[in-house]
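Notes follow the structure.
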Amino acid sequence: MGFFLVLKAELVRTFIIMRRYWFATLTSLVIGYGMLMGLILGFMARRDQVTEMIDNRFGVDPSSATNAALGLIIGSFAFGIIGIFSQGLQNMARSGQLEQLCLSPHGLVTNFLARSLVGSTASILTSSIILFLVAHSVEGRIYADPLPVAALLFLTYVDLIGFGFMLGGLVLLFKQTGQIAVIVRIALLGLAVWASDRVDTGYAVLDALVHILPVTDAAICLKHVLIRNQILLDTGQFVSVFEISSFYYLVLNSLVWTAIGISVFKWMENWSRDKGTLGSY
Amino acid sequence: MNPGYMVEVANVNKVFHTHHFLQRHEESGKRAWYRKKTVRAARNISFGIRKGEIFGLLGPNGAGKTTTVKMISGLVRPTAGAVYVDGMNVDTKRLATLRRIGVVLEGTRTSIWPLTPLENLAYFGNLRDVKGPVLRKRGMELLDLIGLKDKMNVQVRHLSRGQKQKLAICIALISDPPVLLLDEPTTGLDVQSSRSIKDKILEITRELGKCVLVTTHDMNVAQELCDNIGIIADGRLVACKPTHALIDYFSDVTCAFYLDRAADPTPFLGIPGVLSAECNSEDGEYALVLRLIRQEDQRSAALYAIVELLKNSGRLLHGVERRKQTLENVFIQLTSGLPPATGD
């Protein structure tokens, strides 16, 4: 019950700010749309050369334009969620809001779960609008089935929050973790763009490590659903997400990372109470 | 644990360790790869606050006031000792105690600036489990009580510092907590805003029966507002008494003798019972200001000896005044270890 009240409070706050600062909301949509369209049109204009080049170099799926575009969207989603816990938390500490959240009787974990859930919903909404506009602009060459995509995005969110909580704990303790957080966020963005159908680096240990990292399997599953569905229209074949191992890695990863992340965050929260850094900048 | 107290701080100690790399030593000037510093922010602090009481915590910068407030609100964990709110240990039942506390720390930064006061109250009310018609009613009542009703739909960023401070108090009170912790609520405010905040705190405490802890640098605020005062210096609680008792404790020992000309204070220091002596020029008169021992019989003897010495020195005695002590003088004396500067 308490969680839903916090969730409601965050939802109202976020959408009031989005509405009140409508120009910023609108320009971010326009910029997102412009970047994605530029990327897709660039691929389309030089599709043959690019796919030939990519095939020669990496041997990846010819639908690389969609792959890269989706990777960018998923990566941005990951970038945003981790950002809520790192830069977002740092900004809250600077503005004084973090102290107030620390004084909430629901605890920081509940507050951040609600905050990140609302942040992710807002991010999904804006990404969906951009995706819809891009799909419309390129005459439906990107196809998105909303239900499995929403389910997978939720799993992606769960997969990422554990990692986010760990970074958030570091911010509670040290505050000046900005550059580390930026590196992690860019790495996740890169991982989301890079991960396609499967992970095959040629080294078993490296493959396992890449699977352990959040966002890899989430990106693979989302791209699988979106790109295969696109192929479904052409070939009439249905390829289910349940048939790929990455889906199960994603579920397992989500559970493990969330448990580890929240435990580490609580431990760091107590440590920061000892250090006297909780809530302050 | 004393059941009569709403808030009890029992033998609390707090030690902070800071780690420094490649820092130059303050005295030797030598640079070290690694140095650990230890700061004792609280040393055996103990006090209690009852329901309906305003407790003032005074102290110079870095004395440990904010650390004490943060320990009561659970933001900082004591190294030793315990803090109880409504009978519950803050360390072990932190979230439950937070339901009984409203805190204002650096008030102007408490609220969300892009939102209006009403939206802020709705947001923070939800975070504290207040909802629906109760939230709206209480929000309106608080804004009315604090004098912000006409600004309820203006974004916080457009409000003045004093108004933001008032809003912070409303936010702290939105869940109707029995305990209110105010960390320097009047710092940086003009005289009118400061007086207004002070009046509102009094009104809230008396009308709503809250237990309030105020930390402040403003002695007037403390003297007029607080029932009890604790003076903290270098992490130690050097005094903790009812406000009038704290002032009385020092007020009966300072006397001014108004003379026709200046007098050398040195011979007066030789009189048993005289603690300090100084001679000041005030409005064309000379005032010999003497601090005397508290024991009545010894003080009486000292006063006769002073008058005798003045008479023998051939000076005209225009008058004698027992000086009223101010909290500021008491504070300065207690925190610096120096004799207080007296004033009317």
Side-chain angles (χ1 to χ4, degrees), chain A residues 1-25 91-115 118 172-174 266-281, chain B residues 14-19 39 41-42 66-67 70-71 73-79 90-91 93-116 119-120 122-132 135 155 157 164 168 171-172 175 177 181 183:
Chain A
M1 184 61 199
F3 173 75
F4 290 108
L5 256 185
V6 177
L7 193 68
K8 184 196 152 201
E10 287 298 340
L11 203 66
V12 172
R13 181 190 64 85
T14 305
F15 284 95
I16 286 176
I17 291 173
M18 277 174 81
R19 192 198 64 206
R20 198 155 284 161
Y21 295 94
W22 59 269
F23 190 72
T25 311
N91 291 339
M92 281 167 66
R94 202 178 289 135
S95 70
Q97 285 178 41
L98 186 61
E99 252 167 9
Q100 287 301 307
L101 283 195
C102 293
L103 292 167
S104 159
H106 296 290
L108 265 186
V109 171
T110 306
N111 279 293
F112 272 104
L113 269 178
R115 189 169 269 250
V118 171
L172 285 183
L173 272 171
F174 302 110
K266 281 191 168 177
W267 178 68
M268 286 185 173
E269 187 188 345
N270 280 332
W271 187 9
S272 68
R273 283 176 64 212
D274 281 332
K275 273 180 61 126
T277 56
L278 185 65
S280 56
Y281 186 68
Chain B
K14 182 65 202 174
V15 181
F16 289 116
H17 299 289
T18 52
H19 306 271
V39 178
T66 302
T67 303
K70 285 187 172 182
M71 283 194 286
S73 56
L75 289 175
V76 170
R77 191 150 59 177
T79 310
V90 173
D91 192 33
K93 293 187 175 172
R94 193 168 81 92
L95 298 184
T97 55
L98 283 176
R99 290 186 190 279
R100 287 159 177 78
I101 300 176
V103 190
V104 178
L105 293 163
E106 292 187 64
T108 54
R109 301 188 339 136
T110 298
S111 45
I112 302 170
W113 289 19
L115 303 185
T116 65
E119 288 162 353
N120 263 287
Y123 174 76
F124 286 107
N126 280 168
L127 291 194
R128 288 167 173 82
D129 281 346
V130 190
K131 56 185 176 180
L135 174 64
Q155 282 184 48
R157 64 196 175 100
K164 285 181 188 134
I171 289 172
S175 60
L181 308 177
D183 191 19

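To find a chain, count down the sequence lines: A is the first, B the second, and so on, and within it residues start at 1. The figures here come from the full heavy-atom set of this structure, side chains too, leaving out hydrogens, waters and symmetry mates. Only a predicted model underlies this, so the values are computations on that prediction, with no experimental measurement involved.
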### Interchain contact, B:F16 with chain A, by part (heavy-atom threshold 4.5 Å)
side chain
### Message
For A:N111, which atoms come within 4.5 Å of any heavy atom of chain B: side chain, backbone, both, or neither?
### Response
side chain
### Euclidean distance, B:Y123 OH relative to B:R128 CZ, rounded to 0.5 Å
10.0 Å
### chain B contact via A:L103 - which portion, at a heavy-atom distance below 4.5 Å
both
### Task
Check whether any side-chain N or O of A:S104 sits under 3.5 Å from a backbone N or O of A:H106 as a donor-acceptor pair, and report yes or no.
yes
### Query
Between A:K266 and A:W271, is NZ or CZ placed under 6.0 angstrom from the six-membered ring centre and within 45° of the ring axis?
no
## Note on the structure
chain B shares the most heavy-atom pairs under 4.5 Å, among A:I16, A:L101, A:V12, with A:I16
### Query
So which part of B:T116 gets closer than 4.5 Å to some heavy atom of chain A, the side chain, the backbone, both or neither?
both
### Query
Does B:D91 come within less than 4.0 Å of A:R273, counting only side-chain N to carboxylate O?
yes
### Query
With a 4.5 angstrom heavy-atom cut-off, which part of A:E10 approaches chain B: side chain, backbone, both or neither?
both
### Query
Is any side-chain heavy atom of A:P105 less than 4.5 Å from a side-chain heavy atom of B:R99?
yes
### Message
If we define contacts as heavy-atom pairs under 4.5 Å, which of B:R77, B:K70, B:R94 has the most with chain A?
### Response
B:R77
### Query
How many angstroms lie between atom CZ of A:F4 and atom OG1 of A:T110, to the nearest 0.5 angstrom?
11.5 Å
### Query
Which atoms of B:I171 come close to chain A, meaning under 4.5 Å heavy atom to heavy atom: side chain ones, backbone ones, both, or neither?
side chain
